Amino acid sequence: MAFVKKEPKHKWSFESIGGTARVRISTGRDIANLANLDPKMWTVLSCPVKGLEIDEKSLAYIDADSDGKIRVGDVMTTSKWITSVLSDVNKLVKGEDSFDINDFNQEDATGLDLYNAARQILENLGKEGDVISIADTADPTAIFAKTRFNGDGIITEDSAEEADDKEAVAAAVKVTGGSTDRSGSLGVDAAQIEAFYKALADYVAWVDAEVKAPFGDKTDTAIAAYQALDAKVKDYFMRSKLAGFSPESTSALDVQTSRIEAISADDLSSKSDDIASYPIVRITGKAEIDLAAPVNPAWAQQWNTLKSIAVSSRKKVLTEEDWAAIGTQFAEYLAWKAAKPGDAVEALGADAARNLLTKDRKEALLDLVEQDKALVRESSNIDMVDKFLHIYRDFFRLMKNFITFHDFYSKDKGVRAIFQSGVLLIDQRLCRFCMNVEDVAKHSAAAASSGMYLVYCDCVAKGKPAKKSVVAAITVGDIGDIFVGKNAVYYDESGFEWDAVVTKIIDNPISVSQAFWSPYRRMATAVENLINKSAADKDAKLMKEATNKINAAPASLPADGTKPAAAPPFDIAKFAGIFAAIGMAVGMIGTALAALAEGIFALKWWQLILALAGIMLVISGPAMVMAWLKLRRRNIAPLLNANGWAINAASKISIPFGDTLTDIAKYPALKLKDPYAQKGLNTAQKWLVSLLSIAVVVLGLWLGNLLSWAGWDSPLPWFDKDVVEEVVAEGSVEQTETVTVDAQ
């Protein structure tokens, strides 16, 4: 009985990242078993191919269906392929851009093909050793530059060994235009070879069927003149026939004096089109052309050329039949010329074309093409080596940003996730979490739910034709001096510097301390806006009243020039009620303030501190609690979702982790002197003087027993009621006794 050996089930390791338990991808065995990992445990279900900080060529190789997205299926297919061709799958975690070809799994058919193709590349490049790199496969032209055949079905002169074959290939390229071979040279394929030899045969046959030119080397000139004059001469003969039929119409058919008079005042050299419309010679009613008669100046050159070549000098007149006979002499010659197969072969020359056709290397060239095509698999395997090297280098990194967000949550600040595009330097802060954005309006609409304080910037750089947009998260400090329109500097992953300007802000809490002061900041802003509005309203009112008075002043003056009546004297009785009301209001306010002060002074010092702390807690407490809750819920998933990612698990940014995403300027403890500081007391000294002054005033009021209403009685004896009454009483007794003695 045979026993089937079961493969042990792969054991996954887990880690807590971003507030969520995630599968940890740390070994090649993990990658080899991705097909067995439940997709519900994956952090990402799909991500775009473009806009990430990873080689787009690598992502294109992984995107098997070329739909512009890396999906779970693409990852599983790639993991199965890449691990099957490796003898040690754990080498994948190295992420190197070079590979020892002896580490291919040659027991696998694809692995063996890769090994052979990689070996061929090294030999073609003339490299020693067994290590191949991405740089070696980056330029296919260099790989095939020294090879006769490369599997693309195109042969070049270097593909041929016989001199006649090389000559035929060169001629075929010249005639057909050729195609670019993988080596970078121009060559021809089978279809172009067939077309070349057909063109050769057609051209030689045409040359052999040559029709003798009726007027020798002047034939083409005569034909050009005849074709230019043909319509005009035929028009003349028709006019002449009509004039013979109706003699009275001769003047109308001839050039009319009125038409010449109409243009006579103009520059006639610019009227060639008008003159050309006149008959070629004068209409006399005779259906013939007197060869001695004057010719229309616009046609004189062509007429004289044709007459000198094709018309006998003995002829005196030219009839319609004579004109047709001249054209007949050209007919056969023109038909032969029109049958010419093309100018491409003509450039070789008739003798060279006949020589190539006689040698007939067509079958030899087609055989070379077949030899080249026989290597199509090898050439495809060479392309597959480039695919392997890209995936070998980048697949593990992709998995750390796809199955998990390990790179994003790494404690090493030098490690960034593939969706982090660079850093933004703004307001004495370095924002490490930056992302590329295609559509700011669309992205910002979804990004608000992230709970993060986000700054969108447009970036431009000299030498970069396109503008780019980025979003940066600020996770440390206060709002500071950040506003729309503020300039900043952005550094992409390559370290290239861009000029950035803030275009939009998503306002969310940055820190608990920032939330503590936010109510006071809002109140201060509201008060400032209220004061500004009130001042502006009063200023406008005063200006309006002043303008109205100035405009009304002339109208208020008497018409007779007398002085206006004096204003009535101030009547204090009239305003007594107003003064009384004001006094009452001031008294009520004073009473209220006194009651408040009495309550405050009734407290002990520690009670006063607790009261102040309680008031501040009531004002700032809700904002701090809300900020704390929001800071705990910060999540990058909405930001990635807005960029086309399908996020399968929340990726929160805790307060401690948020502190690592933004670096704020920190200065050492220094004692520096500002040469432009205002002279006099500094701020701390002014506060000290103010507090001492208040203390002295309070002490004086206390000693003067002016704070007795608040329960703070003066310690001086003459303000003690009992002592005063006792002194007064003693003084009264002595006085009484003295009076009594005097009476006796």
Side-chain angles (χ1 to χ4, degrees), residues 25 28 30-32 34-35 37 39 42-86 89 91-99 110 114 132-140 380 382-408 410 415-422 434-439 443 466 468-470 492-494 496 636-637 639-648 651:
I25 305 298
D30 293 334
I31 296 175
L34 286 179
L37 179 62
W42 296 39
T43 301
V44 178
L45 298 179
S46 73
C47 72
V49 171
K50 296 185 178 294
L52 305 180
E53 298 303 322
I54 194 170
D55 195 336
E56 285 188 10
K57 195 172 184 180
S58 301
L59 297 177
Y61 281 137
I62 298 171
D63 180 19
D65 55 3
S66 301
D67 66 346
K69 293 270 190 175
I70 303 296
R71 304 180 186 275
V72 172
D74 296 326
V75 171
M76 288 182 174
T77 301
T78 303
S79 69
K80 182 178 179 181
W81 180 81
I82 193 70
T83 55
S84 68
V85 300
L86 287 171
V89 294
K91 289 184 177 294
L92 273 173
V93 302
K94 293 182 177 181
E96 297 175 337
D97 60 2
S98 60
F99 182 75
T110 303
L114 284 168
I132 190 168
S133 68
I134 289 179
D136 296 330
T137 61
D139 185 7
S380 297
I382 288 175
D383 293 337
M384 190 165 57
V385 173
D386 185 64
K387 172 184 176 180
F388 167 82
L389 290 172
H390 278 83
I391 296 177
Y392 176 75
R393 181 191 63 184
D394 295 329
F395 193 66
F396 178 61
R397 184 183 177 208
L398 176 65
M399 292 304 94
K400 291 193 297 180
N401 291 270
F402 200 95
I403 307 299
T404 69
F405 275 168
H406 186 275
D407 283 355
F408 180 64
S410 173
V415 176
R416 294 195 181 98
I418 60 176
F419 49 78
Q420 290 179 264
S421 60
C434 298
M435 292 174 56
N436 291 321
V437 176
E438 291 292 331
D439 187 339
H443 192 276
K468 69 184 305 181
S469 297
V470 299
D492 61 23
E493 281 295 284
S494 65
F496 196 87
I636 66 169
L639 302 180
L640 293 171
N641 184 73
N643 263 0
W645 290 60
I647 303 300
N648 195 37
S651 299

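As the structure is a computational prediction, the values presented were derived from the model and not from experiment. We count residues from 1, following the sequence as given.
- From Ile391, atom CD1 reaches atom CZ of Phe396 across 16.0 Å, with rounding to the nearest 0.5 Å.
- The shortest distance between side-chain heavy atoms of Phe388 and Thr110 does not fall below 4.5 Å.
- In terms of heavy atoms, Asp394 sits closest to Ser58 at OD2-OG, 2.5 Å.
- One distance of note links CD of Glu56 with NZ of Lys50; it measures 4.0 Å at 0.5 Å rounding.
- In this structure, CG in Asp136 is found 9.0 Å from OG in Ser98, a value given to the nearest 0.5 Å.
- Pairing each heavy atom of Val93 with each of Gly28, the nearest pair is CG1-N, 3.9 Å.
- A salt bridge between Lys468 and Asp492 is absent, with no side-chain N of the basic residue lying under 4.0 Å from a carboxylate O of the acidic one.
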* Pair Val437-Val470, side chain to side chain contact (heavy atoms under 4.5 Å, CB included): steps then yes or no -> CA-CA 5 Å; Val437 176; Val470 299; 5.8 Å; no
* **Verdict with reasoning, Leu59 to Leu398, per side chain to side chain contact (heavy atoms under 4.5 Å, CB included)** => CA-CA 9 Å; Leu59 297 177; Leu398 176 65; 4.2 Å; yes
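- Residues Glu96 and Tyr392 share a closest heavy-atom pair of O-CD2, 3.5 Å.
- A distance of 7.0 Å separates CD1 in Ile134 from CG in Asp55, rounded to the nearest 0.5 Å.
- The two residues Ile418 and Asn401 make their nearest non-hydrogen contact at N-OD1, 3.2 Å.
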* Yes or no on side chain to side chain contact (heavy atoms under 4.5 Å, CB included) for Thr43 and Phe402, after CA distance, side-chain angles and deciding distance? -> CA-CA 6 Å; Thr43 301; Phe402 200 95; over 6 Å; no
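- A side chain to side chain donor-acceptor pair (under 3.5 Å) check over residues 62-78, counting only residues at least two apart or in different chains, returns the pairs Asp67-Arg71.
- Aromatic ring centroids of Phe405 and Phe419 lie under 6.0 Å apart.
- At a threshold of 4.5 Å between non-hydrogen side-chain atoms, the residues Phe395 and Lys400 do not count as touching.
- Taking the charged nitrogens against the carboxylate oxygens, Glu493 and Arg416 do have a contact shorter than 4.0 Å, which makes a salt bridge.
- A donor-acceptor pair shorter than 3.5 Å can be found between the side chains of Tyr61 and Asp386.
- Within a 6.0 Å sphere centred on CD of Glu438, other residues, nucleotides and ligands contribute 12 heavy atoms or fewer.
- In this structure, Leu52 CG and Trp645 CH2 are separated by 5.5 Å, a value rounded to the nearest 0.5 Å.
- Rounded to the nearest 0.5 angstrom, Leu389 CG and Asp97 CG are separated by 8.5 Å.
- Contact of the His390 side chain with the Lys387 side chain is not registered, since no non-hydrogen atoms from C-beta on lie closer than 4.5 Å.
- In terms of heavy atoms, Asn648 sits closest to Trp42 at ND2-O, 2.8 Å.
- Within the 4.5 Å cutoff, the side chain of Val49 has heavy atoms near those of the Ile70 side chain.
- Across His443 and Ala642, no two heavy atoms sit closer than the pair CD2-CB, 3.3 Å.
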* Given the rule in the side chain to side chain contact (heavy atoms under 4.5 Å, CB included) test, do Met399 and Leu34 qualify, once you have shown the distances and angles that lead to the verdict? -> CA-CA 10 Å; Met399 292 304 94; Leu34 286 179; 3.5 Å; yes
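- Between Ile132 and Val385, the closest side-chain pair of non-hydrogen atoms falls below 4.5 Å.
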